[in-house]
Number of protein chains: 2
Amino acid sequence: MLEEAARRELLCATGLNDVYLEQLFTFGEPSRDPRSHVVSVSYMALLADPKRIAKPASKYARGEWFEVSALPPLAYDHALMAEYGVKRLKSKLEYSNIAYNLLPEVFTFAQFEGLYELILARPIDRRNFRRRILTMGLLRELPSKLRGAHRPAALYSFNKRSLQIIEML
Amino acid sequence: MLEEAARRELLCATGLNDVYLEQLFTFGEPSRDPRSHVVSVSYMALLADPKRIAKPASKYARGEWFEVSALPPLAYDHALMAEYGVKRLKSKLEYSNIAYNLLPEVFTFAQFEGLYELILARPIDRRNFRRRILTMGLLRELPSKLRGAHRPAALYSFNKRSLQIIEML
DNA sequence: CCAAAAGTGTTTTAAATACACCCATGC
DNA sequence: GCATGGGTGTATTTAAAACACTTTTGG
């Protein structure tokens, strides 16, 4: 199975396990690898915590993190694949709860909003966004609060931590 | 190239040429073909006129038409592929001008609306729909009219006959 | 003049947008 | 008491939805 192969490969290369995985596109230009005709089925993985890739558990990890805005030169057409993934993520953010893969179990609304602003690469009006998301019932507020240097922030969780397709922006 | 292979195969099997083609999904379950492990990259083709598949030009055509609501039993996981294609078309209809592949150069608004109602499988309010589509500038009205048994209908064409992504419904 | 399909406007309702101040805490 | 980030409300604008009659033609 392709997805299982992708998971195996990901585990092997980065030590990552149990991540959201989504097939993106299959590339088959004969010229993409000058040596032989290779067909590649690309997948995108999402995870909330970059530290997971640096854990001691993954002794043989070769993964490294880059900002998508500052990728190093990639082999073959892999930059295309990355671009495709970002595009898919951006659009899926607008009609699903896919963000649950990119946040911890529990988070503040500021984190949630920050994620959207980061990925969509545009500022979002806090009040309007909050109203929309909360009336939509995407999140549930937890009784506890995050205590920190400033006013304590309400904590939230996703109502469902499985992919829900919902028109949301 | 995968898309070229799909076009070749389509031409060979149905005599169809110059159609819109879009990659859908790549299936790789080992069990999908009991004899050997086959990976299939599925594509969807769109064409306006079903008669194109029955033309004399395609002597060796083996294509046959079915309503998606009444497909015969298909080999392997091909029913899944068809379902996937319908899903993709439905959603793309709502945020692009992909419909230009499913209508002749010139058509009436009733045809246009009928296409949407058919694919989305729900009735659409004529007045609201018309207003939205026309103010959106998706179509351009032609000077001539279609004369028939009843009141002549205005004729329209798509402004652009290439895929445009536009939030439209 | 009748049947059939084409065409058109208004009112109501809901959603999106724009926008600025107060609150709670740690230091 | 001040710096910092968290939290909130209203008025305006825009878009969606609901809804039914008139027009034009051929026969």
Side-chain angles (χ1 to χ4, degrees), chain A residues 90-91 93-97 99 103-158 164-169, chain B residues 90-91 93-97 99 103-158 164-169:
Chain A
K90 270 190 187 180
S91 80
L93 213 52
E94 312 216 4
Y95 66 87
S96 80
N97 66 344
L103 287 170
E105 277 290 342
V106 165
F107 46 87
T108 66
F109 200 89
Q111 282 177 278
F112 181 81
E113 188 187 331
L115 177 70
Y116 274 73
E117 289 180 323
L118 182 68
I119 295 172
L120 300 178
R122 56 174 160 96
I124 297 177
D125 182 277
R126 204 191 324 171
R127 289 166 291 188
N128 295 336
F129 186 64
R130 192 190 197 87
R131 187 169 348 130
R132 229 173 355 179
I133 298 298
L134 293 183
T135 61
M136 187 185 301
L138 191 61
L139 306 179
R140 71 162 178 280
E141 189 173 345
L142 305 178
S144 54
K145 300 233 169 207
L146 178 70
R147 304 185 57 83
H150 304 295
R151 175 172 178 176
L155 290 171
Y156 294 88
S157 262
F158 277 87
Q164 311 286 312
I165 302 301
I166 312 162
E167 198 63 51
M168 41 175 302
L169 289 195
Chain B
K90 270 189 185 181
S91 79
L93 213 52
E94 312 216 5
Y95 66 88
S96 79
N97 66 345
L103 287 170
E105 276 290 341
V106 166
F107 47 87
T108 66
F109 200 90
Q111 281 177 281
F112 180 82
E113 187 187 332
L115 177 69
Y116 274 73
E117 289 180 322
L118 182 68
I119 295 173
L120 300 178
R122 56 175 160 94
I124 296 177
D125 182 277
R126 202 192 324 171
R127 290 165 290 186
N128 295 335
F129 187 65
R130 191 190 196 88
R131 188 168 348 127
R132 231 174 353 180
I133 297 298
L134 293 183
T135 61
M136 187 185 302
L138 191 61
L139 307 178
R140 72 163 177 281
E141 190 173 344
L142 304 178
S144 55
K145 300 234 168 207
L146 179 70
R147 304 185 56 83
H150 304 295
R151 177 172 176 174
L155 290 171
Y156 295 87
S157 261
F158 277 88
Q164 310 285 313
I165 303 301
I166 312 162
E167 199 62 52
M168 43 176 298
L169 288 196

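Note that the coordinates shown come from a computational prediction; the quantities given were computed from them, not determined experimentally. Quick note on labels: first sequence line is chain A, next is B, and so on, each numbered from 1.
Atom P of nucleotide dT25(D) and atom CZ of Arg151(B) are separated by 8 Å, given to the nearest angstrom. One interatomic measurement links the two molecules: CG of Leu146(A) to P of dG5(D), which rounds to 13 Å at whole-angstrom precision. Rounded to an integer number of Å, the gap from CZ of Phe109(A) to P of dG6(D) is 12 Å. The nearest whole Å value for the distance from the CZ atom in Arg127(B) to the C1' atom in dT23(D) is 15 Å. In this entry the distance linking CZ of Phe129(A) with P of dG9(D) reads 19 Å, nearest Å. Atom CZ of Arg122(A) is separated from atom C1' of dA16(C) by 12 Å (rounded to the nearest Å). Atom NZ of Lys145(B) is separated from atom P of dT24(D) by 10 Å (rounded to the nearest Å). To the nearest angstrom, P of dA5(C) lies 14 Å from CD of Gln111(B).
At the phosphate of dG7(C), OP1 or OP2 sits under 4.0 Å from a side-chain N or O atom of Arg130(B). Dashed line: the shortest gap from a side-chain N or O of Arg147(A) to OP1 or OP2 of dG26(C) is under 4.0 Å.
Put simply, the side chain of Glu113(B) does not reach to within 4.5 Å of the side chain of Ile133(B), judged on heavy atoms. By the 4.5 Å heavy-atom criterion applied to side chains, Gln111(B) and Thr108(B) are counted as neighbours. A 4.5 Å side-chain heavy-atom check between Tyr95(A) and Ile166(A) finds every atom pair outside the cut-off.
Applying the side-chain contact (heavy atoms from CB on, under 4.5 Å) test to Ser96(B) and every residue at least two apart in sequence or in another chain returns Lys92(B), Ile98(B), Leu163(B), Ile165(B).
Screening Arg132(B), Arg127(B), Arg126(B) for a side-chain contact (heavy atoms from CB on, under 4.5 Å) with Phe129(B), the sole residue that qualifies is Arg132(B).
Using cut-offs of 30° and 60° on the angle between ring planes, the pair Phe109(B) and Tyr156(B) is perpendicular.
Under the 4.0 Å criterion applied to side-chain N and carboxylate O atoms, Arg130(A) and Glu141(A) are not assigned as salt-bridge partners.
Residue Ala153(A) is in sugar-phosphate contact alone, with no base atom involved, counting any heavy-atom pair closer than 4.0 Å across all strands shown.
Residue side chain Arg126(A) reaches the base of dG7(D) through a donor-acceptor N/O pair under 3.5 Å, judged by distance alone.
Two residues, Ala149(A) and Asp125(A), neighbour DNA chain C, and the one matched to the more 5' nucleotide by heavy-atom proximity is Asp125(A).
Proximity note for His150(B) (side chain, C-beta onward) versus dA3(C), dT4(D), dT8(D): the nearest is dA3(C).
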Using the 3.5 Å cut-off, write out each protein N or O paired with an N or O of nucleotides 10-15 of chain D and the distance between them.
| residue | atom | partner | partner atom | Å |
| --- | --- | --- | --- | --- |
| dT10(D) | O4 | Arg131(A) | NH2 | 3.2 |

